S.K.: 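I am attaching a structure below and will ask some questions about it afterwards.
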Amino acid sequence: MPEPTYYDLVYAVVRHIPRGRVSTYGAIADYLALGSARMVGWALNNSFSGDSVPAHRVVNRKGELSGRNHWPTPTMMQEMLEQEGVVVENDRVQAFDKLFWHPAEGLGEDFEPF
DNA sequence: TGTTTGACCACGG
DNA sequence: GCCGTGGCCAAAC
């Protein structure tokens with residue numbers, strides 16, 4: 001993979017999510033200004049093969065753990081989040097608007113994976 | 001090659 | 001808050 005693909009950018013952004021914070025598919029898609037939120041989901045699904053990406057920090061716009069079903073065990077995603085100090089209840093992130101982290105805030109608009 | 005599906009989102013009712 | 005609809009783009013069949 002000589003060139004940066006959409007997936008590589010998604011992985012890079014997800015890896016830069018601060019510990020104890022969460023982001024959304026739409027925010028990443030909007031930040032990258034490529035594809036759509038669905039592509040982020042596909043990218044993360046692919047991320048299970050090889051690269052270790054903190055996909056547990058990525059939730060949908062409601063703050064719900066929509067991807068928990070794709071983890072080895074559905075409870076693992078919530079465990080990881082609570083381990084970082086994120087309060088999760090009924091498969092939803094509490095104080096989601098406070099913990100929400102937008103890539104542009106932490107990385108800047110000219111962020112590149114290299 | 002065309003259709004369906006998917007870890008989504010915005011909008012309107 | 002819920003539900004249906006349209007849009008989005010890549011992979012699977």
Side-chain angles (χ1 to χ4, degrees):
Chain A
M1 46 293 277
E3 299 182 6
T5 65
Y6 184 82
Y7 296 148
D8 293 323
L9 296 174
V10 173
Y11 301 152
V13 172
V14 173
R15 267 191 278 256
H16 281 76
I17 298 176
R19 184 175 177 280
R21 291 292 206 98
V22 294
S23 187
T24 68
Y25 303 94
I28 296 171
D30 181 58
Y31 172 70
L32 295 176
L34 297 172
S36 59
R38 272 197 167 142
M39 299 297 91
V40 179
W42 271 106
L44 290 180
N45 184 26
N46 218 346
S47 76
F48 271 97
S49 179
D51 286 335
S52 54
V53 177
H56 58 274
R57 294 178 187 155
V58 183
V59 296
N60 62 7
R61 71 175 180 94
K62 303 176 201 169
E64 187 177 23
L65 309 183
S66 48
R68 88 198 134 118
N69 238 5
H70 288 252
W71 285 79
T73 60
T75 57
M76 181 171 156
M77 189 173 183
Q78 178 173 342
E79 292 289 320
M80 298 273 285
L81 285 172
E82 292 192 337
Q83 191 176 10
E84 297 183 350
V86 178
V87 181
V88 179
E89 189 167 314
N90 198 6
D91 297 330
R92 287 190 202 175
V93 176
Q94 300 302 304
F96 169 65
D97 41 340
K98 291 183 183 178
L99 296 175
F100 174 70
W101 177 85
H102 196 281
E105 293 183 6
L107 300 179
E109 296 179 358
D110 54 351
F111 163 75
E112 292 180 5
F114 310 104

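Lettering of chains follows the sequences in order, A, B, ..., and the numbering in each one begins at 1. The figures that follow rest on heavy atoms only: side chains count, while hydrogens, waters and symmetry mates do not. Because the structure is predicted, anything quoted here is derived from the model rather than measured.
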S.K.: Taking atom P of C/dC8 as reference, at what distance in whole Å does atom CG of A/L32 sit?
M.R.: 18 Å

S.K.: Sequence neighbours left out, what passes ring pair (Phe, Tyr, Trp, His ring centres under 6.0 Å) with A/Y7? Give chain and number order.
M.R.: none

S.K.: Dump every N/O contact between nucleotides 10-13 of chain B and the protein below 3.5 Å, one line per pair.
M.R.:
none

S.K.: Holding to salt bridge (charged side-chain N to carboxylate O under 4.0 Å, His left out), I want the full list of residues that pass it with A/E82, two or more places apart in sequence or in another chain.
M.R.: none

S.K.: Give, for atom CG of A/L44 and atom NE2 of A/H56, the distance between the pair rounded to the nearest 0.5 Å.
M.R.: 11.5 Å

S.K.: Let's see if you get this right: which residues in residues 86-96 of chain A place a heavy atom under 4.0 Å from DNA chain B?
M.R.: none

S.K.: Given pairs defined as Watson-Crick or G-U wobble with both distances under 3.5 Å, what dot-bracket annotation applies to DNA chain B, with ( ) intrastrand, [ ] crossing, | other strand and . unpaired?
M.R.: .|||||.||||||

S.K.: Using the side chain to side chain contact (heavy atoms under 4.5 Å, CB included) criterion, which residues pair with A/R61? Sequence neighbours excluded.
M.R.: none

S.K.: What is the distance from atom CD of A/E79 to atom OG1 of A/T73, rounded to the nearest 0.5 Å?
M.R.: 8.0 Å

S.K.: Restricting to pairs with a member in residues 16-32 of chain A, which pass salt bridge (charged side-chain N to carboxylate O under 4.0 Å, His left out), not counting sequence neighbours?
M.R.: none

S.K.: Do A/F96 and A/T24 touch side chain to side chain, with heavy atoms closer than 4.5 Å?
M.R.: yes

S.K.: Touch check for A/A55, heavy atoms < 4.0 angstrom, all strands: base, sugar-phosphate only, or nothing?
M.R.: base

S.K.: Find the distance between CZ (A/R57) and CD1 (A/I17) and round it off to the nearest 0.5 Å.
M.R.: 7.0 Å

S.K.: Using whole Å, report how far NE2 of A/H70 lies from P of B/dG6.
M.R.: 8 Å

S.K.: Would you mind reporting whether A/Y11 and A/V14 have side-chain heavy atoms less than 4.5 Å apart?
M.R.: no

S.K.: Send over the distance from A/I28 CD1 to C/dC8 C1', rounded to a whole Å.
M.R.: 16 Å

S.K.: What is the distance from CG of A/L44 to P of B/dA7, rounded to the nearest Å?
M.R.: 11 Å

S.K.: Please name all residues satisfying salt bridge (charged side-chain N to carboxylate O under 4.0 Å, His left out) with A/R68, sequence neighbours left out, ordered by chain then number.
M.R.: A/D91

S.K.: Using the 3.5 Å cut-off, write out each protein N or O paired with an N or O of nucleotides 9-13 of chain C and the distance between them.
M.R.:
residue: C/dA10; atom: O3'; partner: A/Y7; partner atom: OH; Å: 3.2
residue: C/dA11; atom: OP1; partner: A/Y7; partner atom: OH; Å: 3.4

S.K.: Considering residues at least two apart in sequence or located in another chain, which fulfil the ring pair (Phe, Tyr, Trp, His ring centres under 6.0 Å) criterion with A/W71?
M.R.: A/F48

S.K.: What residues form a side chain to side chain contact (heavy atoms under 4.5 Å, CB included) with A/Q83, not counting sequence neighbours?
M.R.: A/M80

S.K.: Give every residue pair that meets the salt bridge (charged side-chain N to carboxylate O under 4.0 Å, His left out) criterion with at least one member in residues 33-42 of chain A, sequence neighbours excluded.
M.R.: none

